Amino acid sequence: MPPLLNAIGCIFRRDITVALRRSTDILTPIIFFLIVVSLFPLGLGPEPAALRSIAPGVIWVAALLATMLSLNRLFANDHADGTLEQLLLSPHPLTVLVLTKIAAHWALTGLPLVLISPLLAIQMHLPPQAIGTLVLSLLLGTPVLSLLGAVGAALTLGLRGGGVLVSLLVLPLYTPVLIFGAGAVTGVIADIDIEAQFSLLGAFLALALTFAPWATAAALRVSIE
Amino acid sequence: MNWTQFFAMGGYGFYVWSSYGLAAVILILNLYLPLHRRKTVRRLLREFVRLKRSSQPGSE
Amino acid sequence: MHKYASPKFFYALAGQLTPWLGGLTAILLIVGIYLGLFIAPADYQQGESYRIMFVHVPAAWMSMFIYMMMAGAGAIALVWNIKLAEIFSSVCAPVGASFTFLALVTGSLWGKPMWGTWWAWDARLTSELILFFLYIGYMALQASIDDPRRAARATAILALVGVVNIPVIHFSVEWWNTLHQPASVSKIGTPSIHPSMLAPLLLMIFAFSVYFFTVALIRMRNEILERERHTSWVAQVLESKT
Amino acid sequence: MKTRHKRLAIIIAGVAGLTIAGLLVLNAFRNNLVFFYSPTEVLAGKVAVNKTFRIGGMVEKGSVRRSGDGLKVDFVVTDLNKRMPIHYEGVLPDLFREGQGIVAQGRLQADNTFTASEVLAKHDEKYMPPEAAQALKGGAYAAGKEAKKP
Amino acid sequence: MLDVTNLECVRGDRPLFSRLSFRLKPGELLHIVGKNGSGKTTLLRTLCGLTHAVTGEIRWQGLAIHELGDEYRRQLSYVGHSNGIQGELTPEENLRTASCLSKKPNASFIKDTLQRLGLAAYRSFPAKVLSQGQKRRLALARLVIQKKSLWILDEPLSALDVDSVDLMSELLTDHLDQNGLIVLTSHQKVDVAKKKINQLQLD
């Protein structure tokens, strides 16, 4: 196996192992996701029609916030114990290594959110055909959240108030994903053709995959200095 | 056109004049703050230079 | 080229330029406001309220323009490691944010007579709001990094990410808005505006731009003094004038 | 891997990413990311059957008929080329006037009429003195060109 | 060969040192001494390429390190203030990760190295249970595992007991014997048998 692939596999496995050993870190965002969405019926009343109309937006906003919560895990621990420095001193391109870490982050944050979303969809009385759309839109959208979030996490590494700061930096950048992610689900409920929304979510993903790892690597270099 | 009419702005006086007022405030503030800061910076730096001189005579 | 990019030379140059630019700003503003408030006729539909446009549109335009300048200078600073670009990029944000704020409030003041409500999730207002959030994030990041060099480079990266995102955000808000907002639907078309109204508008945009450069130069001079305080030329500058 | 190869790989990856993004955006625009269809497009069969979509155009002068309690409205939308009868039940927006542009969301019926579930009024964003507007009335202006706030 | 010419570093806006030049040949050790805050750590990080110098040049085998990029990092091991040890992973897993950042890990070699550094008993425990000194030893084990020619070490002897210091001297001597290069900072005396030690005083 070429050394680069070897390193990628190694880092991916390492990040997953570490995260699984600190299982509260993975569970917190997921539970948060569940709780936030469940609070809306309590605040708005259990009327199914009303819930259905707000469900796409609510679930998507909750996914955004849950991802925000988990961003800290991405680099902060590695920064504190010095393993991030070692990563920067590796002979492999940092962009690729960073992308690996983001992938591991998504596998343990985004993916569980996607998997758990049908439960919330049922809770919010979404019609059956919309549940598939919701899952698919989250599947395309949550990687973008991890990618853009990584840039924010790298920029705020080791700064005071890092957690709140990262949300200021990243949430405005999340708006397109929110608009088209929730728009796809709303569209399917209104029986509108939604291929366009999925195309655009895919385009965002391609764009984020192109730029975010590079920006994250640059930000890490600045933050480590 | 008389002045009352002018200030009334066809019934939209409030909106128009608060817009222009805020614009004026922002333009003036953006000018005043850095100019004020300039004074502070110069004062602080002068002290800084004096301090540096007295602590290491001969150099610089 | 190197000579012009040296902070010392630039400090002196900027000091000579500012009064001229300031004077130009004042003249442009006076003429623009005179034309806008006294000469331009009332609009056939909106009456006198459209005169808000003469501050709203330049402010909105500047808010975008300054962000672009900020990101462009940031990119130059990142790639070629030019100090002046770094300093210019770092002084843009407060001015840009205040113009964005001005555009938001005047947009709202315009919306009240036009739409009958203070705030509408109109495409332009919404993307202006998100731009404001981007500026706030930028300034928050800038404020929380103590080392000016690190701050400059981190914020430059953020600005670049933002600049890639701004068209995307703008487009998505526009699309979102047309689906949800009954008040306005914009399809392809050219803005039609009468010359008597266009002239003051362009003058005001020009005035705001020159104003921005004036303020930026003043801010840059402060920043240069602070960053170069260890050098002997700063010590001389401090002594020479009171 | 040599530095030059690596740079090439980065460039290729970047170009590939942008190309995919661009193709997807194009696909989105080809698919129904238009805000509304004109009656001509609808009658030419450009719209998926059995899907909700939007139709836009001018409300034809003298075509508005209100029935009963005034909540049922029938009118005709035109793009000055083709006409489309629209049926709507509900409250119309304040800016709904004959000769004004509207967008209606709903479904096409078998008899080539349109049943709207929602009607949105467009508003006009042109800036000109009253005299100029007077002079323009009728001609190009009535063609319903939309203008952006500059 | 490591060549440093006319290096100037600042931290924030505070100048740390300037006009710093030295040359280090294979088989040589450079011991950097200086007060707290004299810029020892910054110098080491600059040598690694983690921090940029204001002026000056660092050359490795005759080429500037920022041009060499990954070629330079392929030959460099760094142990900084923090040990670079992930607490949730066992010592063995830590070494395996460190190793595969540059090449394929060799399980038996990792085992031997843990044995040599007296960490074999902790192989299956998470590294967070190790004491400060043990963690430091684990960080040093990384040097052995990675088999690079240039070692850059920031206070490698801190938190080590007498036996471990001896072990460290042995590792350093071995490395110099194999024509390796070492740059380190230390408040203690560095005891490397019969080897050339250059001292660099920062102030």
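Keep in mind it's a predicted model, so treat the numbers as computed, not measured. In the text below, chain A, chain B and the rest are named by the order of the sequence lines, each starting its count at 1.
If you tally non-hydrogen atom pairs under 4.5 Å between each of E/Glu93, E/Arg73, E/Arg45 and chain A, the highest count goes to E/Arg73. Annotation: maximal heavy-atom pairing with chain E below 4.5 Å, among A/Gly9, A/Ala80, A/Ser90, occurs at A/Ser90.
Only the side chain of E/Arg142 comes within contact range of chain A, with at least one heavy atom under 4.5 Å from a heavy atom of that chain. In this structure, the portions of A/Leu87 lying under 4.5 Å from any heavy atom of chain E include both its backbone and its side chain. For E/His81, no part lies near chain A; criterion is any non-hydrogen pair under 4.5 Å.
If you take CG on A/Leu5 and SG on E/Cys100, they are separated by 12.0 Å, rounding to the nearest 0.5 Å. To the nearest 0.5 Å, the span separating CZ on A/Arg21 from CD on E/Gln86 amounts to 9.0 Å. Rounded to the nearest 0.5 angstrom, A/Asp78 CG and E/Ser82 OG are separated by 11.0 Å. The CZ atom of A/Arg14 lies 7.5 Å from the CG atom of E/Asn94; values are rounded to the nearest 0.5 Å. Summarising the geometry, atom CG belonging to A/Asp81 is positioned 12.0 Å from atom NZ belonging to E/Lys128; distances are rounded to the nearest 0.5 Å. Taking CG from E/Asp70 and CG from A/Leu89, the interatomic distance works out to 12.5 Å, rounded to the nearest 0.5 Å.
Shown here is E/Gln115, whose CD atom has no more than 12 heavy atoms of other residues, nucleotides or ligands within 6.0 Å. Enclosure of atom OH in E/Tyr122 is not indicated, since only 12 or fewer non-hydrogen atoms of other residues, nucleotides or ligands lie within 6.0 angstrom. Residue E/Phe22 qualifies as enclosed at atom CZ: its count of foreign heavy atoms under 6.0 Å is above 12. More than 12 heavy atoms of other residues, nucleotides or ligands shown are found within 6.0 angstrom of CH2 on E/Trp60.
Contact detail for A/Cys10 and E/Thr97: the closest heavy-atom pair is SG-CA, 4.3 Å.
When A/Glu225, A/Arg221, A/Glu85 are each tested for a side chain to side chain contact (heavy atoms under 4.5 Å, CB included) with E/Leu50, only one passes: A/Glu85.
In this structure the side chain of E/Glu88 never reaches within 4.5 angstrom of the side chain of A/Thr17, judged on heavy atoms.
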